[in-house]
Novice: 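Handing you a structure now.
Protein chains get the first letters and strands the later ones, always in sequence-line order, with residue 1 at the start of each.
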Amino acid sequence: MIANEKTDQRYQVLDRPPRRISELFLRWESILVLLLIAVVVFNTFISPYFLDLYNLADATYNFSEKALIALPMALLILVREIDLSVGAIIAVAALAIGLMGDLGYGPAVLFVTGMLVGLACGMVNGFLVTSTGVPSIVITIGTMSLFRGIAQVTVGDQALTTYPQGYLDLGQTYAIAMPPIPLSFLLFIVIAIAFGFFLHGTSTGRRLFAIGSNPVAAEFSGIRVNRLRFALFTLSGLFAGLGASLLVARIGVMRPNIGLGWELDIITMVILGGVSIAGGIGSIPGVVLSVFVLGLATFGLSLLNVPGIVINVLIGGLLIVTIAAPIIVRRVINRPA
Amino acid sequence: MSILLRYREFVLALIIVLMVFGIGLYAPAFVTQDSLIGVLNDTSFLFMMALAQMLVILTRGIDLSVAANLALTGMIVGMLNEVFPDLSPALYILAALMCGAILGFANGILISWLKIPAIVVTLGTLAIYRGSIVLIAGGKQVNASEMSSTFAGFPKIEFFGLNSVFWIAVLIACMIGLILTKSRLGRGLYAVGGNPVAARYCGIDQARAELFVYTVAGAVAGLSGYLWVARYGVAYSEIALGYELTVIAACVIGGVSIGGGVGTVTGTLLGALFIGIIVNSLPVMQVSPFWQMAISGAVILAAVVINARAETRPDKLILPEARRAAARGRI
């Protein structure tokens, strides 16, 4: 029985030390849960309109599309890549939806068009990154200009506004009547669960962590790193296309500046969710929690008539403070006496 | 000739000359002296911002907050002008440099001392600086009619037909060139970006290098803020929106490696000039300005894809044993 022979092992793998309660509290997700509770309690006290089922349902409109794109972005950042072109992919996908709308196609065709165009854009990103080896931040800055440029050249200062009512209903009515849940939020919840299972429950998910921790070692242990990278960029494009399908249905108009600057909001969601920009660390529950923290904080502040740009200040501050605070705390604890 | 072609800067300069020549064939109005001087004047902001960004990228960092810093400092200096309309331009410049440097220093502290990734810090401060404009100005804007003549006149002063913004960019280029080639601090930036671990063993202070580059990037952004507001005659929350990506694009076209440790002043200036020529030639060629973004995107991609092949060179093996082992195929 070879498996039982332990005497001549060269290396000894230590057992994981038992978990302690204090570690549970220092986990990133725990910090986010506390933050979420604080946001809900604060908003409930400050505004009587916050804990209203229909208000909350409408609040989800403002973050669900971004949150959907944050899921593949989390996987990309986990493997040390980034996709800055998602906002521009939304513009191209929305352009295609708008043009097909002008031609008089039905709701299903419009919805699928957005997703397919997004998929194609994602494949372009994936191909450029994997074939050249250039850092994805550079490639996607380039494709960001290119994709949004295509939308600008085609539409100029016009807008595309012809859509069938059946398509607009997808974005403007509730998918489930009671409790009221919009389609975009329903999709986010279902897909987030699928992503959570994929990342934390499958061997491919484990491979993503391996790539993020050490891409070279991952390659040498037989993981097809570039194939997975390509797949993730394609996935990110597909979800940006899905976001475009939902967004155009909701607002009923396509302009070239649609989704402008969304990439930064989405990356903020992912980073606040505890995904390390250096790769190899992160979880889907963390990202989902951070989506709710950001979404509900924004909603609560806008109930108080705080202007959007001031909300951005608070969210920027929140991002830096939540990341800096644990580092400072650890420095103080570990300071040599 | 073939030796010259190995220099990225030379190839880029050649492409720029060919491009100007081609545009000149199509639209002769573009290659007149006035028009070319106009290109240099218009590109001056990009020259200095790209040079400062190059310093940051050399250390493997990135500063996404420069455009927001520009807008915030521009607003602060604009409001300073409303309170003290008769200061000399030197004092406005000093105020802009100080203000920008403080904002950049804040980035530097978070990045070098707390070791938070630069992209995270500057993403956060980007939102904070942009939003602070609305907070301090209460949503209003500063218009040209509210600016004093000394304040608004400075960027329009011309020497040899080129405005003072251009000459400031030249001054900054000389200073950064000197620092990078002649000073220990400047050589250290290449070392920190090229191989941080080796740099540390050589006794180079990475934290100090990072603090330096983010402060300089901030100071240059702040200075650009004053000049921008005075030149275009308006300060509000959305000036130079998204400009940080144009600045980074100029660096990338100019051959600055986002992986750190590679980049020159000449290359960066040429990269900025490249973008400046595209932006300025489109109206002359009667191409819709909506093409600008698509073209610069395509150019960035072409530039990085062509550069990608040049950058994949193997590490040098120094020890003779290692070289022998490599020859036997063991490494």
Novice: Does the B/R60 side chain pair with the main chain of B/G193, one donor and one acceptor, at a distance under 3.5 Å?
Specialist: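 It does hold such a pair.
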Novice: A quick test of your reading: do over 12 heavy atoms of other residues, nucleotides or ligands sit less than 6.0 Å from CZ of A/F209?
Specialist: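 Buried by this count: over 12 neighbours within 6.0 Å.
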Novice: So what's closer than 4.5 Å to chain B heavy atoms on A/V153: side chain, backbone, both or neither?
Specialist: both
Novice: Which of residues 115-134 of chain B get closer than 4.5 angstrom to chain A, counting heavy atoms alone?
Specialist: B/K115, B/I116, B/P117, B/I119, B/V120, B/V121, B/L123, B/G124, B/T125, B/L126, B/A127, B/I128, B/R130, B/G131, B/S132, B/V134
Novice: Could you grab the distance from atom CE of B/M49 to atom CD1 of B/I248, nearest 0.5 Å is fine?
Specialist: 10.0 Å
Novice: Check each atom of A/I311 against the heavy atoms of chain B and say whether the ones under 4.5 Å are side chain, backbone, both or neither.
Specialist: neither
Novice: Taking side chain as everything from C-beta outward and backbone as N, CA, C, O, which of these in B/L114 sits under 4.5 Å from a heavy atom of chain A? Side chain, backbone, both or neither.
Specialist: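 Both backbone and side chain of B/L114 come within 4.5 Å of chain A.
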Novice: For chain B, which candidate among A/A88, A/P256, A/G149, A/G317 shows the most heavy-atom pairs at distances under 4.5 Å?
Specialist: A/G149
Novice: If we ignore hydrogens and angles and just use 3.5 Å, is the side chain of B/T268 paired with the main-chain N or O of B/C251 as donor and acceptor?
Specialist: no
Novice: Is there a donor-acceptor pair closer than 3.5 Å between any side-chain N or O of A/N257 and the backbone N or O of A/L260?
Specialist: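 Answer holds: no.
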Novice: Quick check on the interface: out of A/G316, A/P307, A/S131, A/A278, who has the most heavy-atom pairs with chain B under 4.5 Å?
Specialist: A/G316
Novice: Distance-only, no hydrogens or angles: does the A/S236 side chain make a donor-acceptor pair with backbone N or O of A/L232 under 3.5 Å?
Specialist: no
Novice: A/I150, A/D157, A/L84: which one forms the most heavy-atom pairs within less than 4.5 Å of chain B?
Specialist: A/D157
Novice: So among B/L58, B/L64, B/I62, which one has a side-chain contact (heavy atoms from CB on, under 4.5 Å) with B/Q53?
Specialist: B/I62
Novice: Please confirm whether the backbone N or O of B/L70 pairs with a side-chain atom of B/T73, one donor and one acceptor, at under 3.5 Å?
Specialist: no
Novice: Can you tell which part of A/I139 gets under 4.5 Å to a heavy atom of chain B, answering side chain, backbone, both or neither?
Specialist: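 The answer is both parts of A/I139.
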Novice: Heavy-atom distances under 4.5 Å only: say whether A/L264 touches chain B with side chain, backbone, both or neither.
Specialist: both
Novice: Strictly by modelled atom types, are A/T143 and A/N125 linked by a side-chain donor-acceptor pair under 3.5 Å?
Specialist: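 A pair is found: one side chain offers a donor N or O, the other an acceptor, under 3.5 Å apart.
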Novice: Please report the shortest heavy-atom distance between B/S257 and B/I57, naming the atom on each side.
Specialist: O-CG2, 3.4 Å
Novice: Quick check on A/I82 against chain B: is it the side chain, the backbone, both or neither that has a heavy atom closer than 4.5 Å?
Specialist: side chain
